[in-house]
Structures are given as structure tokens and as C-alpha cells.
Amino acid sequence: MSPVRSSLLLPRAGLRSHPACRMIAPAFIIAFNRMVSLSASVPAATLNWTPARDLPEANGLKGMVAGVTGGRILLAGGSNFPVPKRAGGGKTYHCAGWMQPVSAGGRGPWTPLGDVLMHPLAEGASVTTPHGIVSLGGDGGSGMLADVFLLAWNERRGAPDRHALPALPLAVGGAAAAWHEGKVYVAGGDDGRGGTLLWAALDLVAAQRDPAAARWESLPAWPGPRRFGAALVPVAFPQGVRLVLAGGKIGTPGPAVQRDYLDDAYAFDPVARSWHSLPPMPRRALLAVAFSPAPGRLIIAGGSDGHDIERVAELGEGYRLPADAMVFDVATGQWSQAGEMPLGVAGASVVPLPGGGHLVAGGEYSPALRTPQVFVVEEAR
């Protein structure tokens, strides 16, 4: 893996969240893993990664609430280390937000919105729906949360409204979420003791109509191990859309080892409520960038793979995450290579753009180091 160029390293000074919405917690370092060679039996996909407007927070952010609502791209919250960890700094959680019109395609200026979130929040799940952005769980600095809420743009106020939704069945961070045919699906998550088998769905229309009566519906769990930090993406198969769950990490009581990071993948049929296994990914991936660029194709890029996990402390800021992108092609049933990201990250926020493409914002490129970089990624035509 080639080292990151100096132009990708972060300045240390940056904007700060309002003190009332910032909390400090002991640093949590995710360990990461080594790149494995990819199959060349399927023609390689080509992805274009175009630089967009950097985050206003120069220290970068990981695990933001992100999505599209009311014709705006909205980013809020996230975590970082304003004082470097090597200097004794702790993880800081934010609740400020920014927006820009989707017509700017990520390349316009970010307009500050103040404290969009009611409390500091990072590293939960968020998903764009026709009703707004749904945020699920996460960490507020003092433990995992079960909170679920909808952010919907209010044109009159020029800011998003926050609507409470039924809480998750358990408090988790690092869950995965997806939207499909009126329902929000949530998978896995870290409950503070390791990964879970949480797999549930919420009828969003019913939940908005009567939040007190609506409930999360428990679904049959995937056949693999419990996990957090997985990818969950609706992908078009010939038989219909399937929700593909891939990768993540299992939590263990002792020090993490590379086999804790997962490379398995499964497809859920929301009609039959059944799972079937897919070929494993070419490498392990935790908190990876994941999206479907076109019917029948799934991209998994970056993320942590557990390489050199026993040397994380030794390598320090020289440690880097995988930058390669993998594509699963439904037609062939195989994974292949899809080039590389400009910077390998875990915990980036992925926002679908209505005109096509996806915005990839922030993330962690080395333990406790965030990036402010933002890219628009599109599959080359």
C-alpha cells in the first residue's frame, strides 16, 4: 500500500462545535487490515472520484449524520480529535451541521446551520428517504444510544426540523441502515459489548403518523455472525431488489485480531423474508464506503481490514487504510476490482445525489486521524 501524499494530511486548526454540544471521551482506536489480491475474472469497473468542497471542519469528521432533504445535502455531527491523540487529546463529539443545495453537486460552499442535533452524536447510521434523513443510534460520548429521528428540511425556517421516531430495540453504534419500499431497515451494531444480530424494519409512514404506536419489526437474522460496521445496500437482482449485508467486525472481549474483521456477504429477500449467501468479498471491510452505482452492481470501497493490527501503536500516524474499491456484479455473481479511492477511509458519510453519483465525506484514514476531504464518485459511462 502506498503512503498518503502530504497534500492529504490534515491541518490541526479548524472550526469547533458550540461548547454545549461538545463532549470529550477516551479515544477509541479501530485497528485495520491488509489488502488481498482481487479476482480478475470479471471486467474491472471504473469509478471517477472528483474532489468536491472540503468540510468546514479542518480536523475532519467521522460518522456524521448525512443525507438529502428538501433539495439540500445535509451533514451534521461526527467525531474527531481537535487536540491530536498523540498530544493527549480525546475524541470530541459534535452537533453542528452544514448544508448546500443538491444542485451544487457537493462542489458549492457549505452553509453553517448551527447546532442541528439536540446533542453531540457520531458513528450511528443515517439514510436518505423521501421524507427526510433518518438517523439511528450512535454514540454521544457517554455511551451508545437507541434514539431514532427524522431530519426534514423546513423551507420557512431555512433549517431542518427534527421529528422523533420509535427508538431502536437496543442502544447501538455502528449499525447499518437502508431504505426500501417505505421501510427503514437496520442491521447489526455495537451495543458496547460487541456486535449484535439486530435486524429490524420500521414502516416510516406509519411511524410518522403515530410514533407512539409504531414499532420496529424484528426480522430473521442473517446466517453469519453478529457484527457492527457492516454495509447494507439495496441492490437490484433479476428476481427483485435484495438488501445486501457485507463485512463489518465482530466484537471480542480481548484485543482485536484480524479474523474479527469480516468479508462475508448475504442478500435478504424482503418479500420472502429469507437470506442467501453471496461470494465473500476479496478482503475484509469494516465501516467501508458502500453504494449501488447502477442496477445489479454493488461497490465496497476503503474501510478497515485489520492488517498489521498488532503494530497499530508502533506504526502510529504512519498506519494507512486500504484504498481499493471492490465491485460485485449480480450478472456474473463475482467480485472484481474497481480501482482505488484517492484516500482510503473508514466511517465516511455517503450521500446519494439525485442527479446520479454519491457524495463521500470525511472519515478516518489512520487511527484517530480524520480527513475533511469530500469527493463525488460516479461509475464511468
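- Remark: Met99 CE to Trp110 CH2 distance equals 10.0 Å, nearest 0.5 Å.
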Under 3.5 Å, sequence neighbours excluded: what are the donor-acceptor pairs made by side chains of residues 63-74?
unit_1	atom_1	unit_2	atom_2	d
Thr69	OG1	Trp153	N	2.9
Arg72	NH1	Gly70	O	2.9
Arg72	NH1	Glu155	OE1	2.9
Arg72	NH2	Glu155	OE2	3.2

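- Residue Ser304 holds its OG atom at 5.0 Å from CG of Leu321, rounded to the nearest 0.5 Å.
- Side chains of Asn80 and Asn59: a donor-acceptor N/O pair is absent below 3.5 angstrom, by distance only.
- Residues forming a side chain to side chain contact (heavy atoms under 4.5 Å, CB included) with Pro166 (at least two apart in sequence, or on another chain): Leu202, Ala207, Ala214, Trp216.
- For the side chain to side chain contact (heavy atoms under 4.5 Å, CB included) test with Glu379, the passing option among Leu47, Thr46, Ile299 is Leu47; the others fail.
- Under a 4.0 Å N-O distance rule, the pair Asp161/Arg157 qualifies as a salt bridge.
- For the pair Pro352/Phe291, no side-chain contact is recorded, criterion being any heavy-atom separation below 4.5 Å from C-beta on.
- Looking at Phe375 and Leu359, their side chains never come closer than 4.5 Å, going by heavy atoms from C-beta outward.
- Here the options are Glu364, Lys62, Glu123, the test is side-chain hydrogen bond (donor to acceptor under 3.5 Å, both in side chains), and the partner is Ser79; only Glu123 passes.
- No side-chain heavy atom of Asp139 sits less than 4.5 Å from a side-chain heavy atom of Leu121.
- Side-chain contact check for Phe328 versus Ser336: every heavy-atom pair is 4.5 Å or farther apart.
- For the pair Thr92/His94, a side-chain contact is recorded, criterion being any heavy-atom separation below 4.5 Å from C-beta on.
- Residues that satisfy the ring-ring contact (aromatic ring centres under 6.0 Å, His included) test with Trp199, not counting sequence neighbours, are Tyr185, Phe268, Trp275.
- With a 4.5 Å cut-off on side-chain heavy atoms, Ile300 and Met281 count as touching.
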